[in-house]
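Side chains included, hydrogens not; waters and symmetry mates left out as well; all remaining heavy atoms used. Indexing begins at 1, ligand by ligand and atom by atom, following the structure's order.
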Amino acid sequence: MSQTGNNERAVFATRFGAIATTVGSAVGLGNIWRFPYEAGIHGGGAFMICYVAFVFLIGIPLLCAEFAMGRGTRSNIFGAYKKLRPTHNWHLAGYIGILASLLILSFYSVVAGWTVEYFISSVFGNLNFSDAEAGHRLFMELTTGWRPLEWTIVFLALNFLILIGGVTKGIERASNILMPLLFVILIAFCINSFTLPGFGEGISFLFHPDFSKITPSVLLGALGQAFFSLSLGLGCMMTYGSYFKSDNRIARTATTTAVLDSLVAVLAGVIIFPAVFSFGLSPEAGPALVFEVLPFIFSHLVGGGVWSALFFLLLFLASLTSTVSMSEISITYFCEEKKWSRRKATIVSSLIALAGGVLCALSFGPLSHMKIFGMTAFSLFDYVSSNICLPVGGFVCSIFVGWFVDVRFLRGQIKMHSTAGRFVLRLLVFCLRWICPMAILLILLNSVGFIG
Ligand code: TRP
């Protein structure tokens with residue numbers, strides 16, 4: 001991305017750069033940490049099938065819609081709604097985006113902080129063990145008490161420095177090389193999964209759908225996960241779309257992003273579940289799952305310490321490319337709508353995230369008794385943002401683009417420099433008008449208990 005001045009808009013220099021950056025936003029802790037634990041608590045196969053269906057039926061059309069709105073208006077989420085429909089209050093949807101992006105940034109930084117802890121423990125050789133108790137003990141030791149606070153702050157500070165220093169370019173370049181490396185490592189770990197005694201059981205847990213297990217909460221969980229993983233619903237992809245050049249083929253970029261992102265999530269599942277069953281752990285461990293299981297995998301690999309250090313380092317970098325994209329939502333809003341300098345916008349956004357981050361970091365230890373609706377700050381922020389704000393943001397975006405914006409706008413954006421045929425367009429419009437809003441609404445209402 002090249003930044004041309006303080007408040008001027010940047011553009012992605014190359015098509016590859018644009019795809020690498022959108023994939024960089026999508027691939028992160030959502031795939032490697034959140035997907036396995038959500039799949040684990042929601043019954044494996046039943047969750048997986050809903051997740052994949054949502055990525056294709058809702059995720060790809062909404063990615064196209066966000067990209068088109070961004071590139072067509074060259075604006076942040078507020079500006080995009082306002083430019084396309086100045087007379088109504090559609091842009092208020094932007095508030096959901098900003099609020100949720102800051103909530104996500106808060107708890108995401110805590111988990112990213114854990115990756116730093118685990119990286120350091122790997123370097124010092126403290127991460128090599130093979131009994132279940134030890135894995136659990138280490139997780140508790142590293143994540144309870146005041147300790148996670150340090151790493152959350154360190155992570156947010158790094159995120160801040162990248163945003164303020166305008167070194168996004170450096171991060172992008174690094175991630176263009178490192179993300180393919182993460183992919184290669186994941187494949188190597190997958191191959192290792194074949195050798196584990198629980199391979200069959202793990203794979204069947206993940207890929208064998210038991211349709212009777214599809215409950216409202218599984219549907220909501222899978223929907224929230226699809227949105228979270230694709231960075232959808234908050235205007236994050238809209239903001240990135242606003243940096244696309246006109247030769248970017250939107251439909252293709254959307255499909256590539258969705259396919260690569262889901263592939264990483266599935267690979268993570270293939271790595272985690274065979275190990276879960278091999279070591280006699282429960283797939284329902286929640287947010288701790290991946291962090292308790294991975295050290296076992298490493299202890300069974302030759303040179304496990306090196307693998308684990310490398311893995312946590314790459315995961316940390318993947319998280320950084322995601323948090324940079326998340327922060328961009330509120331920063332572009334403050335810069336473009338409030339006319340703040342980028343510096344001020346970055347400082348204010350980071351301070352809000354820091355306040356939330358402190359609450360989340362302590363919610364496994366000193367603040368674990370502080371519960372709202374029976375959830376700690378960490379779980380509440382995750383639940384509200386992923387399962388409510390993102391789907392609501394996606395709902396608004398789909399009916400907006402499907403019904404309230406002249407269809408020629410979408411057609412123009414999709415057809416720009418692209419050979420996308422009439423069928424693709426019709427399918428896209430149909431999904432945005434009917435499938436996305438109806439599915440999201442039904443799932444949300446269903447989970448509140450109004451119907452079904
Ligand atoms: N998709 C990222 C992940 O899977 C997280 C993320 C980045 C995100 N930007 C977002 C989630 C915007 C929701 C909205 O790790």
remark   = The reported gap from CG in Asn159 to OG in Ser322 (rounded to nearest 0.5 angstrom) is 10.5 Å
request  = Check whether any side-chain heavy atom of Phe291 sits under 4.5 Å from a side-chain heavy atom of Glu117, and report yes or no.
outcome  = no
ask   = What do you reckon, does Phe228 have a nitrogen or oxygen under 3.5 Å from a nitrogen or oxygen of ligand 1?
value = yes
Identify all side-chain donor-acceptor contacts of residues 40-53 below 3.5 Å with residues at least two apart in sequence or on another chain.
residue: His42; atom: ND1; partner: Glu38; partner atom: O; Å: 3.1
residue: His42; atom: ND1; partner: Glu38; partner atom: OE1; Å: 3.4

inquiry  = Checking a contact table here: which protein heavy atom is nearest atom 3 (C) of ligand 1, and how many Å away?
reply    = Ala26 O, 3.2 Å
request  = Determine the interplanar angle of the Phe311 and Phe298 rings, folded into 0 to 90°, and report it as parallel if under 30°, tilted if 30 to 60°, perpendicular if over 60°.
outcome  = tilted
ask   = Does an N or O from Leu230, backbone or side chain, lie closer than 3.5 Å to an N or O of ligand 1?
value = no
task = Please confirm whether Ile329 comes within less than 3.5 Å of ligand 1 when only nitrogen or oxygen atoms on both sides are compared.
result = no
query = Closest non-hydrogen protein atom to atom 15 (O) of ligand 1, residue and atom name please, with distance?
reply = Tyr108 OH, 2.5 Å
inquiry  = I want to know whether Tyr383 and Phe373 have ring centres closer than 6.0 Å.
reply    = no
Listing, residues 54-67 side-chain donor-acceptor contacts under 3.5 Å, not counting sequence neighbours, or none:
residue: Glu66; atom: OE1; partner: Met237; partner atom: N; Å: 3.3
residue: Glu66; atom: OE1; partner: Met238; partner atom: N; Å: 3.0
residue: Glu66; atom: OE2; partner: Gly233; partner atom: N; Å: 2.9

inquiry  = Please list, in number order, the atoms of ligand 1 under 4.0 Å from a heavy atom of Cys236.
reply    = 9 (N), 12 (C)
task = Using a strict 4.0 Å cut-off to heavy atoms of Ser325, name the atoms of ligand 1 that fall inside it.
result = 7 (C), 9 (N)
query = Relative to the heavy atoms of Leu29, which atoms of ligand 1 are at a distance of less than 4.0 Å?
reply = 15 (O)
ask   = Quick one: nearest non-hydrogen protein atom to atom 2 (C) of ligand 1, plus distance?
value = Ser25 O, 3.2 Å
Check: Thr321 side chain, Gly24 main-chain N or O, donor-acceptor pair, under 3.5 Å = yes
task = Considering heavy atoms of the protein only, find what lies nearest to atom 14 (C) of ligand 1 and give residue, atom and distance to 0.1 Å.
result = Leu234 CD1, 3.3 Å
key: Top protein contact for atom 7 (C) of ligand 1, by heavy-atom distance   = Ser231 OG, 3.3 Å
request  = May I ask you to list the atoms of ligand 1 that are less than 4.0 angstrom from any heavy atom of Ser229?
outcome  = 1 (N), 4 (O)
inquiry  = Below 3.5 Å, N or O to N or O, backbone or side chain included: is there any such pair between Phe227 and ligand 1?
reply    = no
Ser322 neighbourhood, listing ligand 1 atoms whose heavy-atom distance to it stays under 4.0 Å = 2 (C), 7 (C), 9 (N), 15 (O)
message = Quick check: Tyr118 with Trp151 (ring centres under 6.0 Å apart)?
response = no
query = Is the number of heavy atoms from other residues, nucleotides or ligands under 6.0 Å of Met438 CE greater than 12?
reply = no
task = Kindly say whether Gly402 contributes a backbone atom to a donor-acceptor pair with the side chain of Arg433 at under 3.5 angstrom?
result = yes
ask   = Where is the nearest protein heavy atom to atom 13 (C) of ligand 1: which residue, which atom, and how far?
value = Ile104 CD1, 3.7 Å
